[in-house]
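First the structure, in the form of structure tokens, and then the observations on it.
Numbers here are sequence positions counted from 1. Nothing here was measured: the structure is a model prediction, and the numbers come from that model.
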Amino acid sequence: MRTFKKLISVLLVISMLICFPAIAFAKDTAEEEETVESGSGMDAVANIYLLISTANPKLPHMWIYIENISDRTLRIGHYDLAAGDSLSMGSWKDRGQGEGIHYNMERYWIKDETYERTIYIKSTINEFELDNLSDTINRHNYWNYFFNCAWFAVCVWNCCTIKFVPFLISPYIISPFLFLYGAKKLDFEIPKLTTNKKCYKHTEEGLERLYPGVLVTSTGV
């Protein structure tokens, strides 16, 4: 057990040493990112949020939320996101339809208490970054105790923003890095879903509607 703890400590130190220069660079160039986007001819089509929720303190959840701010439907992985609509995505262990990416599970589970126990950072994505995002989603339809919800969310976030966030296994360990980018408590409304009509499991073939039993929870998100 001691050997395992020492190994984890060493891995964390190495990860921080590797990632910190990139984080410092990203922090220093955040304002430059906005300037490049506004003058590049590639307008933002969506807002993207990286969130950490602690409904279950023993099993915190890290996830992605996207708002379509364009005037057309956007393809996010296998999901067609209508103009003005929003989407949550997370990687989950098998809840009855296989492990991997679930669409809108978090929007279905969200409740008032979520706003007091969730932090987030935000960026925008353009057309080119949207393509990278969908490609990344389609390559990450899996879950295990190492390549978990945090792995999925960080990979999706990093593929389309310069605000680099390191993968450090646990959302609790990753959360301090979000504060480097001004993370704050959830202070905007995420429309709650009351039916499973927009809740899906990602498969190689496309989308599979989530069964009502999959959406049962005692804690929310």
Side-chain angles (χ1 to χ4, degrees), residues 15-53 60-70 72 74-79 81 83-91 101 103-104 106-107 118-141 147-188 190 202:
S15 297
M16 292 178 69
L17 290 174
I18 293 173
C19 296
F20 193 78
I23 295 169
F25 171 79
K27 185 179 180 183
D28 291 340
T29 58
E31 293 183 0
E32 181 181 348
E33 176 193 18
E34 295 181 3
T35 303
V36 170
E37 282 186 358
S38 62
S40 65
M42 297 187 71
D43 295 333
V45 296
N47 294 325
I48 184 170
Y49 301 80
L50 180 64
L51 306 97
I52 296 176
S53 298
H61 183 51
M62 197 166 187
W63 46 292
I64 295 289
Y65 181 68
I66 296 175
E67 296 172 323
N68 183 350
I69 59 173
S70 75
R72 62 183 180 82
L74 303 176
R75 173 56 69 96
I76 311 290
H78 291 326
Y79 191 99
L81 183 61
D85 200 359
S86 59
L87 167 71
S88 70
M89 295 182 297
S91 181
I101 300 167
Y103 296 90
N104 281 329
E106 298 83 4
R107 281 188 64 191
T118 301
I119 62 171
Y120 77 93
I121 56 176
K122 174 185 176 183
S123 188
T124 59
I125 52 178
N126 58 36
E127 197 74 43
F128 174 75
E129 292 159 342
L130 181 67
D131 290 340
N132 285 341
L133 184 148
S134 283
D135 288 343
T136 300
I137 291 170
N138 292 330
R139 293 196 305 269
H140 285 77
N141 188 31
F147 297 113
N148 52 22
C149 65
W151 169 257
F152 169 76
V154 164
C155 287
V156 170
W157 173 266
N158 286 341
C159 82
C160 58
T161 89
I162 67 166
K163 298 177 182 179
F164 181 82
V165 175
F167 171 61
L168 297 173
I169 302 177
S170 168
Y172 278 129
I173 303 174
I174 297 172
S175 60
F177 290 89
L178 270 62
F179 287 105
L180 291 176
Y181 300 116
K184 48 189 175 182
K185 284 185 179 180
L186 195 54
D187 57 358
F188 64 95
I190 294 180
H202 183 103

Quiz item: Can you name the ring-ring contact (aromatic ring centres under 6.0 Å, His included) partners of F152, sequence neighbours left out?
Solution: none
Quiz item: Residues two or more places apart in sequence or in another chain: which of them pass ring-ring contact (aromatic ring centres under 6.0 Å, His included) with H78?
Solution: H202
Quiz item: Do the non-hydrogen side-chain atoms of T124 and T161 ever get within less than 4.5 Å of each other?
Solution: no
Quiz item: Taking only residues two or more places apart in sequence or in another chain, which ones pass side-chain contact (heavy atoms from CB on, under 4.5 Å) with F179?
Solution: I119, A183
Exercise. State the CE-SG distance between M89 and C149, to the nearest 0.5 angstrom.
Key: 13.5 Å
Quiz item: So, the side chain of K163 versus the backbone of W157: is there a donor-acceptor pair under 3.5 Å, distance only?
Solution: no
Quiz item: Looking at residues at least two apart in the chain, or sitting in another chain, which of them share a side chain to side chain donor-acceptor pair (under 3.5 Å) with N68?
Solution: S70
Practice problem: Check for a donor-acceptor pair, side chain of Y181 on one end and backbone N or O of F164 on the other, with a separation under 3.5 Å. | Solution: yes
Practice problem: If a pair satisfies salt bridge (charged side-chain N to carboxylate O under 4.0 Å, His left out) and one of its residues is in residues 171-183, list it, with sequence neighbours excluded. | Solution: none
Self-check item: side-chain contact (heavy atoms from CB on, under 4.5 Å) involving A153 - partner list, sequence neighbours excluded
Solution: L50, M62, I64
Quiz item: Between CD1 of I48 and CD1 of I121, what distance do you get to the nearest 0.5 Å?
Solution: 9.5 Å
Quiz prompt | Which residues share a side chain to side chain donor-acceptor pair (under 3.5 Å) with R139, sequence neighbours left out | solution = none
Indicate every side-chain donor-acceptor pair of residues 166-177 with a distance under 3.5 Å to a residue at least two apart or in another chain.
unit_1	atom_1	unit_2	atom_2	d
S170	OG	Y172	N	3.1
Y172	OH	P57	O	2.8
S175	OG	Y172	O	2.8

Exercise. Determine whether I66 and L133 make a side-chain contact, defined as any pair of heavy atoms from C-beta on separated by less than 4.5 Å.
Key: yes
Practice problem: Mind checking the NZ-CG spacing from K122 to L51? Nearest 0.5 Å is all I need. | Solution: 11.5 Å
Quiz item: Which residues pass the side chain to side chain donor-acceptor pair (under 3.5 Å) test with D135, sequence neighbours left out?
Solution: none
Exercise. Under the side chain to side chain donor-acceptor pair (under 3.5 Å) rule, collect the residues that match up with S53, sequence neighbours excluded.
Key: W63, T118
Quiz item: Ignoring hydrogens and geometry, is there a side-chain-to-backbone donor-acceptor pair from N104 to S88 under 3.5 Å?
Solution: yes
Quiz item: Which atom pair, heavy atoms only, marks the closest approach of E67 to Y49?
Solution: OE1-OH, 2.8 Å
Quiz item: Is the backbone N or O of G77 less than 3.5 Å from a side-chain atom of S134, with the two atoms forming a donor-acceptor pair by type?
Solution: yes
Exercise. Report the residues that fulfil side-chain contact (heavy atoms from CB on, under 4.5 Å) with F147, sequence neighbours left out, ordered by chain and then residue number.
Key: Y142, N144, W151
Exercise. Examine distances only and state if a side-chain atom of S86 and a backbone atom of I190 form a donor-acceptor pair shorter than 3.5 Å.
Key: no
Self-check item: By side-chain contact (heavy atoms from CB on, under 4.5 Å) - contacts of D85 (at least two apart)
Solution: L81, A82, R107, K198
Quiz item: Hey, would you say the Y65 and Y120 ring centroids sit under 6.0 Å apart?
Solution: no
